[in-house]
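One structure below.
All heavy atoms count here, side chains included; hydrogens, waters and symmetry mates do not.
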Amino acid sequence: MSSVTIPPPACMLRPLEVPFRYLFGPGPSNVPPRILAAGGRPIIGHMHSEMFGIMNDIKKGIQYAFQTSNNMTLAMSGSGHTAMECAVFNIVEPGESVLVAINGIWGERVAEIAERMGMKLIIKIMPAHCFLEIHPYLLRALAKHKPVLFFLTHGESSAGLVHPMDGVGDICHKYNCLLLVDSVASLGAAPLLMDQQNIDILYTGSQKALNAPPGTAPVSFSERACHKMFNRKTKPVSYLLDMTHLSNYWGNDGKPERIYHHTGPVSGFFALRESLAILAEMGLENSWSHHTEIAEYLWKGLEDLGLKLFIKDKDLRLPSVTTIAIPEGYDWKELLAYIMKHHRIEFTGGLGPSVGMVLRIGLMGYNCNKANAAMALAALEDALKQCRKSKA
């Protein structure tokens, strides 16, 4: 008698169907054909010498994108959250203090990670549309609490804010504190210079301006961070994210042989390598200026529609993700549903502290061009005409 009692599910007997959509939200963004083709190449073993060569290329590409000469540079097998947890898990030990600046959801996430680990947590909370007047606050907080790590989001996608970074690392180092920066939404779209700005740990995600599929997360550690990380008294709480093992897997520990740690996302690494190659071919400064040019075109178009941009100060607006104050009288969910149904375009609402406050439009990398910006503006104009507006 057969021991199989559960029949094959009907859904698994049908072909996979995926609709085409214009991903003009905060990410993921549409993947260009060149990167899709790279991800579709034949699989090779994750411990093959050719795979190590591709990983070495990825390391060099990340060093260029981050503008760093750090040896301890790699890509995590997972999303940006993986790199976020890797940084906190490896740097901070039980009983040590972490300082977190919160002006959107990503600071909230780091704070929760630290809290779950039982760390001493110091939080500075700001309105979602504001930047931290960093220097006077940092000086007081560092002197009083003596944290080992300070977290700051460079491109806060939930608010559409890009945070000034100059001088922050210098202040942290004066108080023997490491600087951890999230650049998931900003890398390739807004200027960021890891070494020159004295950033100790920097990470990003593959799916935004880099235009690779979600699932890999570049990260880099300074020598100062490595000294703290590799002189711990206790092991990190995660085996998968333990940099002692990951540094060997990526050939960063100086040992002649790489030892199996986990099976990396081979196709994801192919795609990431190609996305970093595209950025290198374009040039970082060209990418930054291009994102700014398209963002300014979009901002003017939104204002011409009578809409208000959430971030008032133009210099603090994130070029890759624009936040619009929800127009008075409209149901933001109805607007987004209409645009998806009639234009096949994804915009999103707020996230975390900005929920119910903003609509978000993201034009990143491959999606960042005037034709897409004009398409986004036309879809939004149509929705404003067609959707019901309350009389209140």
Side-chain angles (χ1 to χ4, degrees), residues 16 18-66 73-84 86 155 157 182-189 202-220 240-241 246 249-252 258 261-284 286-287 290-291 320-321 346 362-369 372:
L16 173 67
V18 179
F20 175 80
R21 287 182 178 141
Y22 297 98
L23 301 180
F24 297 169
S29 52
N30 293 101
V31 179
R34 178 175 161 183
I35 295 176
L36 285 173
R41 286 177 177 266
I43 292 287
I44 59 175
H46 62 290
M47 298 296 287
H48 290 184
S49 60
E50 295 87 352
M51 192 67 227
F52 294 156
I54 291 168
M55 292 165 73
N56 291 341
D57 290 350
I58 290 171
K59 175 179 174 178
K60 290 183 175 69
I62 296 169
Q63 287 172 326
Y64 171 70
F66 284 6
T73 299
L74 62 150
M76 303 300 300
S77 302
S79 68
H81 278 83
T82 313
M84 178 191 288
C86 176
S157 59
D182 178 313
S183 68
V184 172
S186 59
L187 187 83
L202 179 65
Y203 67 87
T204 192
S206 56
Q207 75 277 17
K208 309 264 183 173
L210 288 178
N211 290 143
T216 56
V219 63
S220 185
L240 178 63
L241 305 182
L246 290 173
Y249 179 49
W250 279 84
N252 292 342
R258 303 193 196 194
H261 172 248
H262 74 284
T263 304
V266 173
S267 295
F269 287 157
F270 291 170
L272 178 61
R273 192 255 183 222
E274 200 70 9
S275 72
L276 291 165
I278 290 172
L279 180 61
E281 290 164 10
M282 183 178 192
L284 263 177
N286 290 334
S287 183
H290 177 67
H291 279 84
S320 50
V321 181
E346 178 196 47
L363 296 174
M364 298 173 272
Y366 180 63
N367 285 347
C368 184
N369 58 64
N372 284 344

* Is a donor on one side and an acceptor on the other found under 3.5 Å between the side chain of Ser275 and the backbone of Leu272? -> yes
* Asked: Are the side chain of Asn286 and the backbone N or O of Leu279 linked by a donor-acceptor pair below 3.5 Å?
  -> no
* Would you list the pairs meeting salt bridge (Lys or Arg N to Asp or Glu O under 4.0 Å) in which at least one residue belongs to residues 42-64, sequence neighbours left out? => Asp57-Arg273
* Asked: Are Phe270 and Met51 close enough that some pair of their side-chain heavy atoms sits under 4.5 Å apart?
  -> yes
* Atom of Gly215, atom of Ser206 and distance for their closest heavy-atom approach -> N-OG, 3.6 Å
* Asked: Are the side chain of Thr204 and the backbone N or O of Ser183 linked by a donor-acceptor pair below 3.5 Å?
  -> yes
* Closest non-hydrogen atom pair between Val184 and Asp182, with its separation -> N-OD1, 2.9 Å
* Determine the minimum heavy-atom distance between Gly188 and Leu284, stating which atoms define it. => CA-CD2, 4.5 Å
* To do: Keeping the roles fixed (side chain from Ser320, backbone from Ser186), state whether a donor-acceptor pair exists under 3.5 Å.
  => no
* Asked: So do the side chains of Trp250 and Thr73 get within less than 4.5 Å of each other, counting heavy atoms only?
  -> no
* For His46 and Phe269, what are the C-alpha separation, side-chain angles and deciding distance, and is it a ring pair (Phe, Tyr, Trp, His ring centres under 6.0 Å)? -> CA-CA 10 Å; His46 62 290; Phe269 287 157; over 10 Å; no
* **Spacing of CG belonging to Asn252 relative to CG belonging to Asn56, to within rounding of 0.5 Å** => 8.5 Å
* Over 12 foreign heavy atoms within 6.0 Å of OH, Tyr249 -> yes
* Asked: What's the spacing between Phe24 CZ and Ser29 OG if we round to 0.5 Å?
  -> 10.0 Å
* Asked: With distance as the sole test, does Asn211 use its side chain to make a donor-acceptor pair with the main-chain N or O of Tyr366 at under 3.5 Å?
  -> yes
Mind listing the side-chain donor-acceptor pairs of residues 31-42 below 3.5 Å, one per line with the distance, residues two or more places apart or on another chain?
from	atom 1	to	atom 2	distance (Å)
Arg34	NE	Glu274	OE2	2.6
Arg34	NH1	Glu281	OE1	2.9
Arg34	NH2	Glu274	OE2	3.3
Arg34	NH2	Glu281	OE2	2.8

* To do: Without swapping roles, check the side chain of His291 against the backbone of Met364 for a donor-acceptor pair under 3.5 Å.
  => no
* Spacing of Ser49 atom OG and Ile44 atom CD1 [to the nearest 0.5 Å] -> 8.0 Å
* Could you tell me whether a side-chain N or O of Tyr22 sits under 3.5 Å from a main-chain N or O of Asn372, the two making a donor and an acceptor? => no
* Could you tell me whether the side chain of Pro265 reaches within less than 4.5 Å of the side chain of Ser77, counting heavy atoms only? => yes
* Would you check if the side chain of Lys208 reaches a backbone N or O of Pro26 as a donor-acceptor pair within less than 3.5 Å? => yes
* Check whether any side-chain heavy atom of Arg258 sits under 4.5 Å from a side-chain heavy atom of Met55, and report yes or no. => yes
* Verify, without hydrogens or angle tests, whether Asn30 (side chain) and Leu23 (backbone) share a donor-acceptor contact under 3.5 angstrom. => yes
* Asked: Under 3.5 Å, is there a donor-acceptor pair between the side chain of His290 and the main chain of Cys368?
  -> yes
* To do: Kindly indicate whether the side chain of Leu276, heavy atoms from C-beta on, has any atom under 4.5 Å from the side chain of Ile58.
  => yes
